[in-house]
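Right, one structure below, let's go through it.
Keep in mind that the numbers below use all heavy atoms, side chains included, and drop hydrogens, waters and symmetry copies. All values reported here derive from a predicted model rather than from experimental measurement. Letters A, B, ... mirror the listed sequences (proteins, then strands); counts begin at 1.
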Amino acid sequence: MFELKFPDGAIRQYENNISPLEIAEGISKSLAKRVVGAKIDGQVWDLSRPIEPKDTPQTFELINRDSDDGLEIIRHDAAHIMAQAVQELFPDTQITIGPSIEDGYYYDFVREDKFSTDDFEKIEAKMREIVDRDLPIVREEWDREVAIKHFNEIGEIYKAKIIEEIIPEGETLTVYKQGDNWKDLCRGPHMPSTGRLGKAFKLMKLAGAYWRGDAKNAQLQRIYGTAWADEKGLKDYLVRLEEAEKRDHRKLGRQLNLFHMQEEAKGMVFWHPKGWTMYRALENYIRRKIEASDYVEVKTPQLMDKTLWEKSGHWEKFGHAMFTCETVEEEILAVKPMNCPGHVQIFNQGQKSYRDLPLRMAEMGCCHRFEPSGGLHGIMRVRNFTQDDGHIFCRVDQIYSETKDFCELLRTVYNDLGVELHSVKLALRPDVRAGSDETWDYAEKMLKEAAEAAGEIVELLPNEGAFYGPKLEFHLKDAIGRTWQCGTLQLDFVLPERLDAEYTGEDGQKHRPVMLHRAILGTFERFLGILIENHAGNFPMWLAPVQVVVANITSDSEQYAKDVCHKLRAAGIRAETDVRNEKINFKIREHSLQKVPVIAVVGSREAAEGKVALRRFGSQAQEILSLEEAMAMLSTESLPPDMK
RNA sequence: GCCGCAGUAGCUCAGUGGUAGAGCACGUCAUUGGUAAUGACGGGGUCGGAAGUUCAAUUCUUCUCUGCGGCACCA
């Protein structure tokens, strides 16, 4: 006998060898059908695996199929059932790994022939068949050497590799059998039988993926699927994907006439008047913010001689991503991929003293990088972009306060712009790096403590830092749920050394300043992409490319419409007229589709009384105001968040 | 860069081994209409590019370019 403590606090006694499923069945049949696993002392447990008795009561919780833990189990089972289906259909396939992921799962396969999305239907049908067979899923513990030998013998080379290369010796190896003829090395847990999966799953996409995430290794064939507790969950998910597609910045960029891209300039944006208006609104905003934070703004050359880039170290580390050009006089110039070397050149002019530090130098720096073709993505990942860049030259003892100030500034900006920070990460020292361990210890500690002092929860990324220093990353989420690094702060001990930056200290001696590379938005391109998707194109007044459209009803009120527009513009409002020979319904529809925040309708009544009839985007209500009232109200509404 | 998928009018998409279609947009004309599509007529395409198979290719094959989804790389 042993005791379990239930979520409601009740402690019950059970016979040894009882499984969570038996406990659930003891409570109610319908509950037993709904659950997919259990949690014992917080550890996920197979439903059919006997609980190990302990002297003290263990906490016990059943996992429902529609809970987060439950969905994870369902998706993991779906991955296995898919793998079995694939191997039954294509016996020449090897299995490797197949985890559950957000909203679904994948499985990586090795097979000479290529899968095609045309195979999906067949695989799904086989999966449904395996579910109908309701094969028992049985957990077994295996000896390490036996397992390696076995998997090698049956030709599952990758499974053997996983044991040899990934699983530490001494860890219990578990194998899950699905029926008599299929098994997989797996940590589990799994449901008691394949029938429990249900049929709310769907194969989504096919992709290549490198073994262990390393491009030097073989490329496997990955099949992605999604799986849910029930049909409704699946349907809702698919609807959600469709909705997200409508917010795609590439689609909205076209529909709202913000920008375009074309083959002859891959990864480079052609900003149209409307998109550029948004860009400038954002740029003006961020410029005010950094000016208020005691930055000085500069502008440095687009092209600089290759020798400077060699000296800075970029040529060696970053040369593969740099565009170059050769002059008729045979100099080789490189297009800047970063602004930092230019900023050091300005810092190096004249003499600097400790009194000049911290020196915060900003630039709306237009950079070019040769990004791999497969990585380009709309305006979020491009080859030509402009950073709201800045470099803070400071003393080592100023790192903490500069970092903290930066984090706080970034917070106010993101709040103003209405974006939600997804995560803050701290990329720690890589294996190959410059600088002493003491320096790294100090640098990592400062960044972490400063970010935390600013109220951020910092996630650590071992090994991910730049060779010259650790890096804080600020991530945002797009419409499809992908996250993008936007803001960043990077510590650099190396560049000041390489480019001979120095200042005179209180002691009269020369010292090296430390450089903090930092950007709040990251790049205007990426950030605007995020803003477009986050707002689904329904921009707040201050960002909207056209804030007000003045539409007349008949040509009688054409002149009045033009007068109104003229006055709104004089008041600083981005207004346009629509005096086309069209019905008012047509105009309302068109400007609503363009998501213009305010439509001012003027007919003969308004013209006679000096009024306007305002209609807000997303509402059918009319608000009739005098032109003066409307102007005052709309000017206030159009103020950027920092000027309100 | 690697793997899979796709490329037809400005946009969204149909279609076929036998000279290419729709809706919207665009142009002209008529219409002056109070809050999400007024009507008629018209112009518009080397069916991404190149080669091959064929009497004949937008359609089949190969190569290539670009886009999309992943992977890798990265703001």
Do nucleotides 68-75 of chain B as a string where each nucleotide becomes B, S or -: B if the base has a protein heavy atom under 4.0 Å, S if just the sugar-phosphate does, - if no protein is that close.
-> SBBBBBBB
Going 5' to 3' through nucleotides 6-16 of chain B and flagging B where a protein heavy-atom sits under 4.0 Å of the base, S where only the sugar-phosphate is that close, and - otherwise, we get -----SS----
For B:C3, does either OP1 or OP2 sit under 4.0 Å from a side-chain N or O belonging to A:Lys114?
->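 No, no such contact exists.
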Check whether any side-chain N or O of A:Ser373 sits under 4.0 Å from OP1 or OP2 of B:U66, and answer yes or no.
->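 It does not, given that no N or O in the side chain of A:Ser373 lies less than 4.0 Å from OP1 or OP2 of B:U66.
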Rounded [atom1] spacing from [N] to [M] in Å:
{"N": "B:G4", "M": "B:C41", "atom1": "P", "value": "49 Å"}
{"N": "B:A37", "M": "B:U61", "atom1": "P", "value": "46 Å"}
{"N": "B:G45", "M": "B:C13", "atom1": "C1'", "value": "15 Å"}
{"N": "B:A9", "M": "B:G17", "atom1": "C1'", "value": "23 Å"}
{"N": "B:G15", "M": "B:A20", "atom1": "C1'", "value": "9 Å"}
{"N": "B:C26", "M": "B:C68", "atom1": "C1'", "value": "29 Å"}

Classify the ring geometry between A:His76 and A:His80 as parallel (under 30°), tilted (30 to 60°) or perpendicular (over 60°).
-> perpendicular
Indicate the ring-plane relationship of A:Phe406 and A:Phe474, choosing parallel, tilted or perpendicular according to the 30° and 60° boundaries.
->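 The rings of A:Phe406 and A:Phe474 stand perpendicular, inter-plane angle above 60°.
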Could you tell me whether A:Glu606 contacts a base, only the sugar-phosphate backbone, or nothing, with contacts defined as non-hydrogen atoms closer than 4.0 Å?
-> base
Aromatic ring proximity A:Tyr158/A:Phe109, centre distance under 6.0 Å = no
Whole-Å gap separating C1' (B:C5) and CZ (A:Phe120) |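 So the two atoms are 10 Å apart, to the nearest Å.
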Listed pairs, N/O of protein and of nucleotides 38-43 of chain B, under 3.5 Å:
{"residue": "B:U38", "atom": "O4'", "partner": "A:Lys583", "partner atom": "NZ", "Å": "3.4"}

